[in-house]
Amino acid sequence: SVIIFPFLGVLAGITTWLLLGRMGSPLAQMKSALLNHQFIPYLQPLVEGDNYAVIGAEALMRWQHPKVGMIPPDQFIPLAEQSGLIVPMTQMMMKQVSNYFAPRASQLPIGFHFSFNISASHCTDMGLLEDCKAFLAAFFDHPVLLVLELTERELICPNEITTRLFRELHKLGVLLAIDDFGTGHSSLSYVQQFEIDALKIDQSFIAKIGTDALSAHIVDNVIDLAKRLNLNIVAEGIETRKQAEYLRAFKLDYLQGYLFGRPQPMSEFAKQWLNQINP
Ligand code: C2E
Ligand code: CA
Ligand code: CA
Ligand code: CA
């Protein structure tokens with residue numbers, strides 16, 4: 001069972017793996033971590049493309065392990081997906097975010113977005129609709145926008161359940177975004193079928209900005225393609241002023257990246273960004 005623990009490439013990953021290896025099967029550990037509320041959301045700000053005002057946050061999961069420390073998602077999401085644990089883990093993340101922010105919702109700017117990453121395997125589960133309803137209901141007196149990010153790396157194959165799920169989510173006002181745009185193969189028909197609202201240009205393209213002429217051409221082309229689909233566009237992984245300046249000409253809707261803010265615990269996010277909104 002030690003062998004199945006996620007596919008680690010980096011040294012930090014190997015250290016985690018060694019430590020966890022002595023503490024029972026990875027799956028058993030994840031189950032107990034779930035019961036012990038060790039999966040927590042970190043929030044990264046989303047800013048408006050024209051004035052860099054904070055208008056939303058993406059929830060990124062962390063495993064706060066009592067012995068190992070903070071474990072990044074790459075190291076446990078694959079096993080969570082294979083085992084189905086991703087469903088209750090995501091539910092708990094949404095619950096934690098609404099529990100923390102609904103009582104502070106008056107401090108959020110109008111039209112604030114909360115976005116969550118949703119695995120393909122989760123999209124065959126009508127329970128997701130109930131979780132979204134509960135999330136939005138918690139903000140009944142200060143409504144927020146709820147965004148679900150679906151990665152282009154594993155596109156959902158449309159079947160009866162997913163089609164109904166997405167139709168109902170749409171009616172509820174939940175927005176759908178394609179994450180990691182440009183790395184996979186989302187087609188125009190996919191975008192139309194699931195009534196996608198936004199595209200998040202993969203950070204690998206943003207990282208190419210300012211490297212060489214060919215790379216600039218690739219970035220321009222991906223943005224062009226996204227623009228032709230006529231959806232809201234988010235650029236993520238912006239680390240430098242140079243990248244932000246380059247993107248200005250494209251008048252993108254939203255930006256995200258370390259330049260604007262790193263993922264941080266909810267209380268720190270609130271301290272840093274909400275006071276600024278409502279001092
Ligand atoms: P993602 O959804 O594409 O999230 C963006 C990743 O890039 C995050 O890594 C974020 O911390 C990082 N990032 C943000 N800005 C910058 C930047 O300026 N430079 C660089 N180099 N990186 C930046 P993180 O938090 O390690 O998450 C990795 C991936 O794990 C996510 O990629 C997502 O696919 C997955 N993930 C995270 N949380 C969840 C979750 O709750 N559910 C599911 N299903 N997947 C999740
Ligand atoms: Ca994402
Ligand atoms: Ca992404
Ligand atoms: Ca990614």
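One-based numbering, in listed order, for ligands and for the atoms of each. Every value quoted in this text rests on a predicted model; they were computed, and no experiment measured them.
If you check the side chains of T162 and N159, you find a donor sitting under 3.5 Å from an acceptor.
Using a 4.0 angstrom heavy-atom cutoff, R62 counts as in contact with ligand 1. Ligand 1 has no atom lying under 4.0 Å from any heavy atom of P72.
When F116, Y42, Y258, F76 are checked for heavy-atom proximity to atom 13 (N) of ligand 1, Y258 turns out nearest. Of the options E239, Q44, Q256, the smallest heavy-atom separation from atom 15 (N) of ligand 1 is shown by Q44. Comparing I77, L259, N117 against atom 33 (C) of ligand 1, the shortest heavy-atom distance belongs to N117.
The proximity of H122 to ligand 1, defined as any non-hydrogen pair under 4.0 Å, does not occur for either the backbone or the side chain. Residue-level proximity to ligand 1 for M93 is carried by the side chain, the only part with a heavy atom below 4.0 angstrom. Contacts with ligand 1 closer than 4.0 Å are made by no heavy atom of T151, backbone or side chain. Only the side chain of Q203 comes within contact range of ligand 1, with a heavy atom under 4.0 Å; no backbone atom does.
Residue-to-ligand polar distances place M61 within reach of ligand 1: an N/O pair is separated by less than 3.5 Å. For the pair T90 and ligand 1, the shortest N or O to N or O distance does not fall below 3.5 Å. For E149, no nitrogen or oxygen atom sits less than 3.5 Å from a nitrogen or oxygen atom of ligand 1, counting backbone and side chain alike.
Here the N, O or S atom of E149 that is nearest to the Ca ion (ligand 2) is OE1. The name of the N, O or S atom in D180 nearest to the Ca ion (ligand 3) is OD1. Here the N, O or S atom of E58 that is nearest to the Ca ion (ligand 2) is OE2. The minimum distance between the Ca ion (ligand 2) and any N, O or S atom of D179 involves atom OD2.
Atoms of ligand 1 lying under 4.0 Å from at least one heavy atom of G257, given by number and element, are 15 (N), 18 (O). Every atom of ligand 1 with a heavy atom of S119 under 4.0 Å away is listed here by number and element: 44 (N).
For residue E236, an N/O/S atom approaches the Ca ion (ligand 3) to within less than 3.0 Å.
Smallest separation of non-hydrogen atoms from I161 and D125: CG2-N, 4.5 Å. Heavy-atom minimum distance, F166 versus C123: CZ-SG, 3.8 Å.
Between K208 and D202, no side-chain nitrogen of the basic residue sits less than 4.0 Å from a carboxylate oxygen of the acidic one, so the salt-bridge criterion is not met. E239 has no carboxylate O lying under 4.0 Å from a charged side-chain N of R262, or vice versa, which leaves the two without a salt bridge. Salt bridge absent: E268 and K271 never bring a charged side-chain N and a carboxylate O closer than 4.0 Å.
A distance below 6.0 Å separates the ring centres of F112 and F114. Between H113 and Y254, the gap from one ring centroid to the other is short of 6.0 Å.
Residue L169 is grouped with residue F135 when hydrophobic side chains (ILVMFWY) are merged at heavy-atom distances under 4.5 angstrom, including chains of intermediate members.
Taking the six-membered ring for Trp and thresholds of 30 and 60 degrees, F101 and F269 have ring planes more than 60 degrees apart, a perpendicular arrangement.
Of the residues listed (Q44, E149, Q256, E58), the one engaging S115 in a side-chain hydrogen bond (donor to acceptor under 3.5 Å, both in side chains) is E149, and it is the only one.
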